[in-house]
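Everything numeric in this text was worked out from a predicted model, so none of it was measured. Each chain gets a letter, A, B and so on, in the order the sequences are listed, and its residues count up from 1.
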There are 2 protein chains.
Amino acid sequence: MSDSFFKAIADANRRKILLLLKKHITLTPGEIGQHFEFSGAALSEHLKILRTAELIYAQKRGQYIYYSLNTSVFEDIISWIMQVIDKSEVQDEKTR
Amino acid sequence: MSDSFFKAIADANRRKILLLLKKHITLTPGEIGQHFEFSGAALSEHLKILRTAELIYAQKRGQYIYYSLNTSVFEDIISWIMQVIDKSEVQDEKTR
DNA sequence: CAGGTATTTAACTAAATACCTAAATACTGG
DNA sequence: CCAGTATTTAGGTATTTAGTTAAATACCTG
(Lines give C-alpha, C1' and ligand atoms only; values in the text may rest on other atoms or scores of the structure.)
Protein backbone atom coordinates (compact mmCIF):
# COMPACT_ATOMS: atom_id res chain seq x y z
CA MET A 1 0.00 0.00 0.00
CA SER A 2 1.79 3.17 1.13
CA ASP A 3 4.96 1.26 1.75
CA SER A 4 6.89 3.69 -0.42
CA PHE A 5 5.81 6.45 1.90
CA PHE A 6 7.27 4.82 5.01
CA LYS A 7 10.46 3.86 3.19
CA ALA A 8 10.83 7.40 1.88
CA ILE A 9 10.67 9.04 5.29
CA ALA A 10 12.88 6.40 6.93
CA ASP A 11 15.97 8.28 5.75
CA ALA A 12 17.14 11.32 7.70
CA ASN A 13 18.48 13.08 4.59
CA ARG A 14 15.15 12.72 2.84
CA ARG A 15 13.32 14.04 5.89
CA LYS A 16 15.68 17.02 5.82
CA ILE A 17 14.86 17.60 2.14
CA LEU A 18 11.17 17.68 3.02
CA LEU A 19 11.79 20.25 5.76
CA LEU A 20 13.86 22.36 3.36
CA LEU A 21 11.04 22.30 0.84
CA LYS A 22 8.58 23.19 3.55
CA LYS A 23 10.68 26.22 4.45
CA HIS A 24 11.51 27.43 0.97
CA ILE A 25 8.33 26.39 -0.85
CA THR A 26 10.19 25.58 -4.07
CA LEU A 27 13.79 24.56 -4.68
CA THR A 28 15.88 23.18 -7.51
CA PRO A 29 18.07 20.11 -6.94
CA GLY A 30 21.09 22.42 -7.11
CA GLU A 31 19.78 24.52 -4.24
CA ILE A 32 18.85 21.48 -2.19
CA GLY A 33 22.28 20.01 -2.82
CA GLN A 34 23.96 22.98 -1.15
CA HIS A 35 22.63 21.70 2.16
CA PHE A 36 24.24 18.29 1.78
CA GLU A 37 27.68 16.79 1.46
CA PHE A 38 26.89 13.99 -0.92
CA SER A 39 26.98 14.04 -4.71
CA GLY A 40 24.32 15.36 -7.02
CA ALA A 41 23.70 11.85 -8.21
CA ALA A 42 22.92 10.69 -4.69
CA LEU A 43 20.58 13.64 -4.28
CA SER A 44 18.89 12.76 -7.54
CA GLU A 45 18.22 9.27 -6.17
CA HIS A 46 16.69 10.69 -3.00
CA LEU A 47 14.48 12.98 -5.04
CA LYS A 48 13.33 10.05 -7.14
CA ILE A 49 12.36 8.12 -4.02
CA LEU A 50 10.44 11.11 -2.68
CA ARG A 51 8.78 11.62 -6.08
CA THR A 52 7.76 7.97 -6.28
CA ALA A 53 6.23 8.22 -2.81
CA GLU A 54 4.45 11.34 -4.07
CA LEU A 55 5.82 13.39 -1.21
CA ILE A 56 7.17 15.97 -3.60
CA TYR A 57 6.49 16.95 -7.17
CA ALA A 58 8.64 18.41 -9.87
CA GLN A 59 7.94 21.12 -12.39
CA LYS A 60 10.37 21.62 -15.17
CA ARG A 61 10.91 25.18 -16.35
CA GLY A 62 13.69 25.56 -18.86
CA GLN A 63 17.04 24.56 -17.52
CA TYR A 64 15.77 24.06 -13.98
CA ILE A 65 13.50 21.71 -12.16
CA TYR A 66 11.49 23.09 -9.31
CA TYR A 67 10.56 20.75 -6.51
CA SER A 68 7.76 21.35 -4.04
CA LEU A 69 6.14 19.48 -1.18
CA ASN A 70 2.99 17.54 -1.77
CA THR A 71 1.57 17.72 1.73
CA SER A 72 -1.65 15.90 0.90
CA VAL A 73 0.06 12.54 1.02
CA PHE A 74 0.90 13.01 4.68
CA GLU A 75 -2.70 12.27 5.44
CA ASP A 76 -1.84 8.63 4.78
CA ILE A 77 0.50 8.41 7.68
CA ILE A 78 -1.74 10.39 9.96
CA SER A 79 -4.54 7.96 9.29
CA TRP A 80 -2.17 5.07 9.86
CA ILE A 81 -1.07 6.50 13.22
CA MET A 82 -4.66 7.10 14.20
CA GLN A 83 -5.39 3.50 13.35
CA VAL A 84 -2.57 2.39 15.67
CA ILE A 85 -3.16 4.64 18.63
CA ASP A 86 -6.88 5.30 18.63
CA LYS A 87 -8.31 3.02 21.30
CA SER A 88 -11.95 3.60 20.36
CA GLU A 89 -11.61 2.07 16.94
CA VAL A 90 -10.94 -1.54 17.91
CA GLN A 91 -11.78 -4.05 15.24
CA ASP A 92 -12.52 -7.57 16.38
CA GLU A 93 -11.06 -10.05 14.04
CA LYS A 94 -10.02 -13.55 15.02
CA THR A 95 -7.07 -14.00 12.74
CA ARG A 96 -6.03 -17.43 13.85
CA MET B 1 17.00 11.90 17.01
CA SER B 2 13.94 9.69 16.50
CA ASP B 3 15.60 7.97 13.59
CA SER B 4 14.94 4.57 15.16
CA PHE B 5 11.24 5.36 15.08
CA PHE B 6 11.14 5.97 11.33
CA LYS B 7 13.31 2.93 10.63
CA ALA B 8 11.08 0.78 12.82
CA ILE B 9 7.88 1.68 11.00
CA ALA B 10 9.50 1.44 7.57
CA ASP B 11 8.91 -2.33 7.57
CA ALA B 12 5.46 -3.67 6.68
CA ASN B 13 5.76 -6.66 9.01
CA ARG B 14 6.59 -4.42 11.94
CA ARG B 15 3.66 -2.16 11.14
CA LYS B 16 1.48 -5.26 11.14
CA ILE B 17 2.82 -6.23 14.57
CA LEU B 18 1.88 -2.80 15.88
CA LEU B 19 -1.65 -3.18 14.54
CA LEU B 20 -1.94 -6.64 16.10
CA LEU B 21 -0.88 -5.23 19.46
CA LYS B 22 -3.34 -2.42 19.06
CA LYS B 23 -6.12 -4.91 18.51
CA HIS B 24 -5.22 -7.44 21.18
CA ILE B 25 -3.72 -5.09 23.81
CA THR B 26 -1.16 -7.66 24.92
CA LEU B 27 0.45 -10.56 23.08
CA THR B 28 3.34 -12.95 23.54
CA PRO B 29 5.88 -13.43 20.72
CA GLY B 30 4.38 -16.88 20.20
CA GLU B 31 0.93 -15.43 19.59
CA ILE B 32 2.29 -12.72 17.31
CA GLY B 33 4.26 -15.33 15.38
CA GLN B 34 1.06 -17.16 14.43
CA HIS B 35 0.25 -14.27 12.14
CA PHE B 36 3.50 -14.53 10.19
CA GLU B 37 5.33 -17.02 8.04
CA PHE B 38 8.86 -16.27 9.15
CA SER B 39 10.81 -17.87 11.98
CA GLY B 40 10.58 -17.02 15.66
CA ALA B 41 14.12 -15.71 15.47
CA ALA B 42 13.17 -13.23 12.76
CA LEU B 43 10.18 -12.16 14.84
CA SER B 44 12.43 -11.70 17.85
CA GLU B 45 14.57 -9.34 15.77
CA HIS B 46 11.56 -7.29 14.72
CA LEU B 47 10.44 -7.06 18.34
CA LYS B 48 13.86 -5.87 19.36
CA ILE B 49 13.75 -3.11 16.75
CA LEU B 50 10.31 -2.05 17.93
CA ARG B 51 11.47 -2.17 21.57
CA THR B 52 14.54 -0.07 20.81
CA ALA B 53 12.33 2.50 19.10
CA GLU B 54 10.15 2.39 22.23
CA LEU B 55 7.08 1.61 20.16
CA ILE B 56 6.33 -1.43 22.30
CA TYR B 57 7.32 -2.61 25.72
CA ALA B 58 7.78 -6.04 27.21
CA GLN B 59 6.76 -7.41 30.57
CA LYS B 60 8.13 -10.75 31.58
CA ARG B 61 5.81 -12.94 33.62
CA GLY B 62 7.19 -16.41 34.19
CA GLN B 63 7.67 -18.35 31.03
CA TYR B 64 6.05 -15.71 28.84
CA ILE B 65 6.81 -12.21 27.71
CA TYR B 66 3.88 -9.91 27.18
CA TYR B 67 4.26 -7.17 24.62
CA SER B 68 2.12 -4.05 24.47
CA LEU B 69 1.98 -0.87 22.43
CA ASN B 70 3.57 2.27 23.76
CA THR B 71 1.39 4.78 21.96
CA SER B 72 2.99 7.82 23.55
CA VAL B 73 5.95 7.65 21.20
CA PHE B 74 3.71 8.23 18.22
CA GLU B 75 3.51 11.83 19.28
CA ASP B 76 7.02 12.18 17.86
CA ILE B 77 5.95 11.45 14.36
CA ILE B 78 2.81 13.51 14.63
CA SER B 79 4.86 16.50 15.66
CA TRP B 80 7.27 15.81 12.80
CA ILE B 81 4.42 15.70 10.29
CA MET B 82 2.98 18.89 11.69
CA GLN B 83 6.37 20.47 11.26
CA VAL B 84 6.42 19.43 7.61
CA ILE B 85 2.89 20.28 6.59
CA ASP B 86 1.93 23.18 8.81
CA LYS B 87 2.29 26.29 6.64
CA SER B 88 1.90 28.76 9.51
CA GLU B 89 5.02 27.64 11.31
CA VAL B 90 7.67 28.76 8.83
CA GLN B 91 11.08 29.28 10.35
CA ASP B 92 13.46 31.58 8.56
CA GLU B 93 16.94 30.24 8.65
CA LYS B 94 19.63 30.91 6.08
CA THR B 95 21.42 27.60 6.08
CA ARG B 96 24.00 28.32 3.46
C1' DC C 1 25.39 24.46 -33.39
C1' DA C 2 29.17 24.41 -29.76
C1' DG C 3 30.15 24.93 -24.98
C1' DG C 4 28.34 25.29 -20.42
C1' DT C 5 25.27 24.30 -16.63
C1' DA C 6 21.71 21.31 -14.45
C1' DT C 7 20.00 16.97 -13.64
C1' DT C 8 19.43 12.05 -14.24
C1' DT C 9 20.93 7.37 -15.38
C1' DA C 10 24.23 3.50 -15.27
C1' DA C 11 27.34 0.59 -13.20
C1' DC C 12 29.49 -0.30 -9.26
C1' DT C 13 30.78 -0.89 -3.99
C1' DA C 14 30.10 -1.04 0.93
C1' DA C 15 27.09 -1.24 4.53
C1' DA C 16 22.64 -2.34 6.36
C1' DT C 17 18.64 -5.23 6.61
C1' DA C 18 15.78 -9.36 6.73
C1' DC C 19 15.78 -13.66 6.89
C1' DC C 20 17.53 -18.56 8.00
C1' DT C 21 19.17 -22.56 11.22
C1' DA C 22 21.30 -23.89 15.34
C1' DA C 23 22.60 -23.00 19.90
C1' DA C 24 21.89 -20.64 24.27
C1' DT C 25 19.02 -18.96 28.01
C1' DA C 26 15.07 -18.84 31.04
C1' DC C 27 11.31 -20.57 33.00
C1' DT C 28 7.69 -24.53 34.43
C1' DG C 29 6.04 -28.79 36.08
C1' DG C 30 6.70 -33.46 37.17
C1' DC D 1 17.01 -31.80 38.68
C1' DC D 2 15.24 -33.13 33.91
C1' DA D 3 12.37 -32.54 29.87
C1' DG D 4 9.71 -29.41 27.55
C1' DT D 5 8.22 -24.85 26.03
C1' DA D 6 9.23 -19.88 25.03
C1' DT D 7 12.26 -16.56 23.52
C1' DT D 8 16.67 -14.57 22.29
C1' DT D 9 21.39 -14.67 20.48
C1' DA D 10 24.94 -16.07 17.14
C1' DG D 11 26.59 -16.77 12.82
C1' DG D 12 25.67 -16.95 8.09
C1' DT D 13 23.51 -15.58 3.42
C1' DA D 14 20.74 -12.91 0.08
C1' DT D 15 18.68 -8.68 -0.85
C1' DT D 16 18.27 -3.82 -0.47
C1' DT D 17 19.97 0.69 0.20
C1' DA D 18 22.95 4.78 0.06
C1' DG D 19 26.62 6.31 -1.68
C1' DT D 20 30.42 6.77 -5.46
C1' DT D 21 32.20 8.24 -10.33
C1' DA D 22 31.42 8.57 -15.18
C1' DA D 23 28.44 9.06 -18.94
C1' DA D 24 24.06 10.61 -20.87
C1' DT D 25 20.40 13.92 -21.51
C1' DA D 26 18.28 18.40 -21.62
C1' DC D 27 18.26 22.99 -21.89
C1' DC D 28 20.39 27.77 -22.45
C1' DT D 29 23.40 31.27 -24.51
C1' DG D 30 26.55 33.19 -27.61
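Using a 4.0 Å cut-off, no side-chain N or O of B:R61 falls inside it from OP1 or OP2 of C:dC27. Note on B:H46: every side-chain N or O is 4.0 Å or more away from OP1 and OP2 of C:dT17. For D:dT7, neither phosphate oxygen OP1 nor OP2 lies less than 4.0 angstrom from any side-chain nitrogen or oxygen of B:K48. Taking 4.0 angstrom as the limit, A:K7 places none of its side-chain polar atoms (N or O) nearer than this to OP1 or OP2 of D:dT16. Taking only side-chain nitrogens and oxygens, B:Y67 never comes nearer than 4.0 Å to OP1 or OP2 of D:dA6. Close to C:dC19, at under 4.0 Å from its OP1 or OP2, lies no side-chain N or O of B:S39. Taking side-chain N and O atoms only, A:R51 has no distance below 4.0 Å to OP1 or OP2 of C:dT7.
Side-chain proximity of B:N13 to C:dC27, C:dG4, C:dC19: nearest is C:dC19. Considering only side-chain atoms of A:D11, the nucleotide from D:dT9, C:dA6, D:dA18 that sits closest is D:dA18. Comparing atom distances between the A:I49 side chain and each of C:dC19, C:dC27, D:dA18 picks out D:dA18 as nearest. When distances run from any side-chain atom of A:A42 to the nucleotides D:dG19, C:dC19, C:dG4, the shortest one goes to D:dG19.
Ring geometry for A:F38 versus A:H46: interplanar angle of 30 to 60°, hence tilted.
Contact record, B:A12 with A:D3: CB-OD1, 3.9 Å, taken as the closest heavy-atom pair.
For the pair A:L55 and A:L69, the minimum side-chain heavy-atom distance is 4.5 Å or more.
Sequence order on DNA chain D of the closest nucleotides to B:T28 and A:A41 puts B:T28 first from the 5' end.
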